[in-house]
Amino acid sequence: MGKPTEECRRAPQSAVSAMERRGIKFGTFLTILAVLVGIYYRSLENPLQTRLTAVLKALEKVESKHEIPVRRKVAIGYGICTDVYIDAKSLLHYSNDIGNPEHFDEITTREQLLKSFAYYFRYGAAAERYMPNTTLFDELVSQARSFPSSYSTIGGNAAVMAFRFLREGCDVMLAATMTQSLHQMIPESIKVVGGRVDRDDTHLVLEYKNGEYWGPYSSVRANRYIIHNDVNNPMVSSLDEFDTLLTESRPDLFVVSGLQVMDNYPYVEGQRRDLLLKIKKQMISQSESTKIHFEMASFVEESLLSDLINLLIPYTDSLGMNEQELANLYSSMYYGNISLVTNSNPRVATVLDQMRTLLKLMWEKGQSFENARKLSRIHVHTLAYQAILIVKNSAWQNLIAAAAKASLTANRHVCGSSDVDLHKAALIMDDSFSTSIKNGKRIPFNVDKPVSCWEELIKCSGDTVVVEVCVAPVLVCTKASQTAGGGDNISSAGLVLQI
């Protein structure tokens with residue numbers, strides 16, 4: 001076979017070179033197109049991203065300006081439990097024979113659980129119910145723990161708040177009764193007062209995401225439904241030992257929480273009231289320098305909430321609650337009944353009006369009670385915003401920073417991160433809000449100064465009281481990791497800069 005000519009040898013090279021040139025041109029075109037598309041979409045995203053970034057930086061700037069000047073002493077009662085978390089849809093299966101959603105004060109059967117879950121799920125409302133059927137409760141907990149996705153943590157309002165106060169640099173005392181094994185899991189820096197038991201109380205936390213479907217129902221926000229079969233916590237068995245510690249330590253802040261587990265518990269006659277009277281005595285015995293905060297929760301028994309309003313709340317300086325708990329307390333005090341569910345994202349004006357009314361009602365009620373304290377702080381945490389009201393010149397400090405810190409803590413806790421990831425955040429607060437439903441002032445939302453604050457006058461028991469109000473937007477976590485314990489963390493974070 002003869003050698004190829006020079007012309008034949010060059011031809012393929014020329015062909016390859018031409019193909020390469022065409023490939024380079026096409027590749028360049030695609031690169032330029034990709035860049036232009038990227039620029040286009042970034043231009044669409046920039047206004048939203050810029051808005052979120054500005055709000056985050058402003059909130060963090062306010063938060064960072066106010067560090068705790070000294071280590072505050074915080075005493076917290078009452079109780080602790082083990083929280084077992086499970087995706088609600090994994091444990092509860094919808095079927096057409098469930099029937100209509102229905103409210104129950106307590107849950108005794110699976111059918112009631114399904115009906116009750118549907119009742120609150122469709123509103124995206126948090127709920128907590130007592131289950132006296134121990135056998136059924138244990139079966140549900142065992143079933144939940146069989147899922148690889150389930151997990152357990154230390155829970156209970158008092159314990160969760162204790163951990164947050166510790167994290168924020170406080171000296172913490174906790175009143176709780178638990179097993180030795182659970183006690184060993186508590187950080188040594190938290191001083192625990194309470195006896196030992198053979199079995200810890202357990203709360204089963206059924207969580208769901210925003211927009212999830214359960215049968216024909218869709219959740220309007222991420223939230224949780226909790227059931228419990230508590231035996232230790234309703235008896236407030238750490239109460240007596242806590243007395244001595246409170247007397248010796250003289251804390252800066254005394255937090256009363258976790259009393260919703262008293263709902264529908266089978267006490268002997270008069271036993272619950274006697275326990276509440278002991279708590280009242282403990283509150284009254286505190287010096288004026290010790291501020292007292294009462295943390296609300298999901299109360300469903302009218303008689304218990306009525307007792308709290310008459311026996312404990314008049315002796316507090318501060319109240320903390322979410323929008324559902326606010327509506328519940330407001331309805332109980334103003335109308336004499338309980339509000340089971342409410343708007344999951346209420347207007348700012350509605351919440352502020354209810355806060356003002358509560359302040360007036362509590363000041364009026366306090367006139368009938370010896371040793372009553374004049375309520376001077378209300379903190380309402382909602383999905384979209386934080387609202388804090390304080391009486392001017394009271395002992396509560398750093399109002400603006402507290403609102404900002406509470407707002408940031410809401411995102412950090414729900415997203416399960418110490419930093420706010422703006423790719424998992426959204427602002428759902430309106431661009432402006434009214435300070436009242438009737439004749440309120442319109443306040444525009446300012447991304448560079450997102451915490452809106454003002455002073456106003458409120459007539460309380462014949463006195464004209466000057467109050468300061470701050471409203472801070474929440475960078476709502478769009479990919480919720482955990483909703484339970486959110487209110488406890490938010491309330492604690494707001495308090496820590498004000499005591």
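Values below: every heavy atom of this structure, side chains too, minus hydrogens, waters and symmetry copies.
In this view, S331 and N337 satisfy the side-chain hydrogen bond (donor to acceptor under 3.5 Å, both in side chains) rule, not counting sequence neighbours. Residues passing the side-chain contact (heavy atoms from CB on, under 4.5 Å) test with S303 are R272, E301, sequence neighbours excluded. When the side-chain contact (heavy atoms from CB on, under 4.5 Å) test is applied to V220, the partners found at least two apart in sequence or on another chain are S344. Every residue meeting the salt bridge (charged side-chain N to carboxylate O under 4.0 Å, His left out) condition with E323, not counting sequence neighbours, appears here in chain and number order: R221. Residues passing the side-chain contact (heavy atoms from CB on, under 4.5 Å) test with S152, sequence neighbours excluded: T82, V84, R145. Residues satisfying the side-chain contact (heavy atoms from CB on, under 4.5 Å) test with R356, not counting sequence neighbours, are L352, D353, T435, S436, E456, I458. Not counting sequence neighbours, the partners of N229 by the side-chain hydrogen bond (donor to acceptor under 3.5 Å, both in side chains) test are T134. Scored by the salt bridge (charged side-chain N to carboxylate O under 4.0 Å, His left out) test, D87 finds no partners at all (sequence neighbours excluded).
Across all their heavy atoms, E325 and M321 have their closest contact at OE1-CA, 3.3 Å.
Residue pairs meeting the side-chain hydrogen bond (donor to acceptor under 3.5 Å, both in side chains) criterion with at least one partner in residues 401-418, sequence neighbours excluded, are E63-K405, E63-R412, E168-K405, H413-N489. Here ring pair (Phe, Tyr, Trp, His ring centres under 6.0 Å) pairs that include residues 315-360, with residues two or more places apart or in two chains, are Y330-Y334.
Relative ring orientation between H103 and Y119 is described as tilted, the plane-to-plane angle lying within the 30° to 60° band. Relative orientation of the Y217 and W214 rings is parallel, given thresholds of 30° and 60° on the angle between their planes. Using cut-offs of 30° and 60° for the angle between ring planes, the Y208 and F117 rings count as perpendicular.
With ring centers used as reference points, F121 lies 6.0 Å or more from Y225.
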Could you go through residues 238-246 and list every donor-acceptor pair under 3.5 Å that involves a side-chain atom there, pairing it with any protein atom two or more places apart or in another chain?
unit_1	atom_1	unit_2	atom_2	d
S238	OG	A176	N	3.4
D243	OD1	Q282	NE2	2.8

For residues 251-262, dump all side-chain donor-acceptor pairs below 3.5 Å to protein atoms at least two apart in sequence or in another chain.
unit_1	atom_1	unit_2	atom_2	d
D252	OD2	K73	N	2.8
S257	OG	G77	O	3.1
S257	OG	A158	N	3.4
Q260	NE2	E128	OE1	3.3
Q260	NE2	N157	OD1	2.6

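A salt bridge is defined here as a Lys NZ or Arg NE, NH1 or NH2 lying under 4.0 Å from an Asp or Glu carboxylate O, and D138 with R199 meets this definition.
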